[in-house]
Student: 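Handing you this structure, nothing more for now.
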Amino acid sequence: MVDRLVNSEANTRRIASVENCFGSSGVPLAMQGRVLVGEGVLTKMCRKRPKSRQFFLFNDILVYGNIVIGKKKYNKQHIMPLEEVSLESIADNQAYRNGWYIRTTTKSFVVFAATSTEKQEWMAHINKCVEDLLRKSGKKPVENHAAVWVPDTDASVCMHCKKTQFTFIQRRHHCRNCGAVVCAGCSAKKFLLPQQSTKALRVCDACYERLKHVPTSSLAAGEDSGAGAAAAGNKLNTTAGDSSNDEDSDEETASPGGESHDEPRFYGDNSVLSAADDSSTITSTSPSSVTAAASSLEAPHAAPNVQSPPAAAATAGSSC
């Protein structure tokens, strides 16, 4: 698929369209051998609530951004090298469905698709790109990744001392090593986590005590990154946030209720590229590989049953 698209005029136009949508806020994406494999909207679990983000899958990177004007303008461009990416499916429950982890050494979070079919398609295409990259480079898969943050709304009290109640004055903080929501008193120290930053980052007291005894060489290799995440709470597996401190800005599409859901599009699935496909613009709909069940979805794009927290809960004690 990639070999067939790499030098095609259609691929060149698609990548140029993505660059135009990000404008001056993004970096150039066109380079020799790069192919736009697919694109679409996924619901990303941010610190305070789930939000729609536009994702673009290339054969070597995964790019996403905030939706400013649907299908026309995006900002806050994030680029993730696929060689570092690891996926892990999340089982459905009453509140969250069709979700999976996207993990890298510096950034980890959870996304949700609108249907199980779309989830399977996204995961299959991403995993195929990762496998192809690793096979060509001869590298081994990355085993240590940044911890996924527990969302603000999942912790009304400090997850370390179990005593401090979060309020508008008593702010939430996230441990950059394990992702737990902790109070200022339980996260007063900082520690250098080489894979995440060149500066020392806020960590909880428990992680600080553990990290002090980890050899520097092991930290550089990321051997303790995310250690203790399991202790962050039982809800971590289903309601994880974003380890990158991604801003919950309001600079995005309002997602009006009457707008139909646009299915993701994956390029090159057909053996022959039609003229209509070659002339299509980005974020076009109805990919050949999505079933009729998914195409009949009429609701706006959102992870089914993902409920945004009440305004008061979403703003009280916001994390840093």
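For clarity, every value in this text was computed on a predicted model and none was experimentally measured. Any value given below was found using the heavy atoms of this structure, including those in side chains, with hydrogens, waters and symmetry copies removed.
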Student: State whether a side-chain donor-acceptor pair under 3.5 Å links Q195 with T105.
Tutor: no

Student: Is it true that L5 and V63 fall in one hydrophobic cluster, defined by side-chain heavy atoms closer than 4.5 Å?
Tutor: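 Yes; V63 is reachable from L5 via cluster members.
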
Student: Among E118, K119, H125, find the residue that satisfies the side-chain contact (heavy atoms from CB on, under 4.5 Å) test when tested with E121.
Tutor: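 Of the listed residues E118, K119, H125, the side-chain contact (heavy atoms from CB on, under 4.5 Å) partner of E121 is H125.
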
Student: Check whether any side-chain heavy atom of H78 lies under 4.5 Å from a side-chain heavy atom of R53, and answer yes or no.
Tutor: no

Student: Any side-chain to backbone donor/acceptor pair from R34 onto F58? Under 3.5 Å, distance only.
Tutor: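 Such a contact is absent between R34 side chain and F58 backbone.
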
Student: Examine distances only and state if a side-chain atom of Q54 and a backbone atom of I67 form a donor-acceptor pair shorter than 3.5 Å.
Tutor: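 Flag not set: sc Q54 to bb I67 has no pair under 3.5 Å.
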
Student: Heavy-atom count around K163 NZ within 6.0 Å, excluding the residue itself: above 12?
Tutor: no

Student: Identify the residue among H173, R172, R202 that makes a side chain to side chain donor-acceptor pair (under 3.5 Å) with S187.
Tutor: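 Result: among H173, R172, R202, R202 is the only option passing the side chain to side chain donor-acceptor pair (under 3.5 Å) with S187.
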
Student: Linking I/L/V/M/F/W/Y whenever any side-chain heavy atoms sit under 4.5 Å apart, do Y208 and L201 land together?
Tutor: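 Both belong to a single hydrophobic cluster.
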
Student: Would the distance check show the side chain of T12 and the main-chain N or O of S8 forming a donor-acceptor pair, the cut-off being under 3.5 Å?
Tutor: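 At least one qualifying donor-acceptor pair exists.
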
Student: Between S156 and Q165, is any pair of side-chain heavy atoms under 4.5 Å apart?
Tutor: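 S156 reaches Q165 side chain to side chain.
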
Student: Would you say I15 and M31 are hydrophobically clustered, going by side-chain heavy atoms of ILVMFWY under 4.5 Å?
Tutor: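 In one cluster with I15: M31, no.
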
Student: Quick one: does Q170's side chain have a donor or acceptor within less than 3.5 Å of a partner on C183's backbone?
Tutor: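 A pair under 3.5 Å: no.
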
Student: For D132, is there an ion pair with K128 - N to carboxylate O distance below 4.0 angstrom?
Tutor: yes

Student: For residues W149 and F109, establish whether the separation of their ring centroids is below 6.0 Å.
Tutor: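 For W149 and F109, the ring centres are not under 6.0 Å apart.
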
Student: Strictly distance-based, threshold 3.5 Å: is any side-chain N or O of R176 a donor or acceptor partner for the main-chain N or O of H174?
Tutor: yes

Student: Linking I/L/V/M/F/W/Y whenever their side-chain heavy atoms sit closer than 4.5 Å, directly or via other members, would L82 and M80 fall into one cluster?
Tutor: yes

Student: Could you tell me if the side chain of P50 sits less than 4.5 Å from the side chain of F112, heavy atoms only?
Tutor: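 No, side chains not in contact.
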
Student: Under 4.5 Å between any side-chain heavy atoms of D154 and V181, yes or no?
Tutor: no

Student: Are side-chain heavy atoms of T153 and K48 found at a separation under 4.5 Å?
Tutor: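 The answer is no; the side chains never approach within 4.5 Å.
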
Student: Keeping N11 on the side-chain end and V35 on the backbone end, is there a donor-acceptor pair under 3.5 Å?
Tutor: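 The answer is no, because no donor-acceptor pair under 3.5 Å joins these two groups.
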
Student: Working note: M45 + V148, criterion side chain to side chain contact (heavy atoms under 4.5 Å, CB included); need CA distance, chi angles, decisive distance, verdict.
Tutor: CA-CA 10 Å; M45 182 65 77; V148 180; over 6 Å; no

Student: Where do L87 and I102 land on the side chain to side chain contact (heavy atoms under 4.5 Å, CB included) test, with the steps shown first?
Tutor: CA-CA 5 Å; L87 307 183; I102 297 179; 3.9 Å; yes

Student: Using every non-hydrogen atom in the two residues, find where L36 and R14 come nearest and quote the distance to one decimal.
Tutor: CD2-CB, 3.7 Å

Student: Give the ring-plane orientation class for Y64 versus F55, where under 30° counts as parallel, over 60° as perpendicular and anything between as tilted.
Tutor: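 Parallel.
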
Student: Does Q77 use its side chain to pair, donor to acceptor, with the backbone of V27 at less than 3.5 Å?
Tutor: yes

Student: Under the side chain to side chain contact (heavy atoms under 4.5 Å, CB included) criterion, do H145 and Y101 qualify, and how do the steps go?
Tutor: CA-CA 11 Å; H145 304 94; Y101 290 105; over 6 Å; no

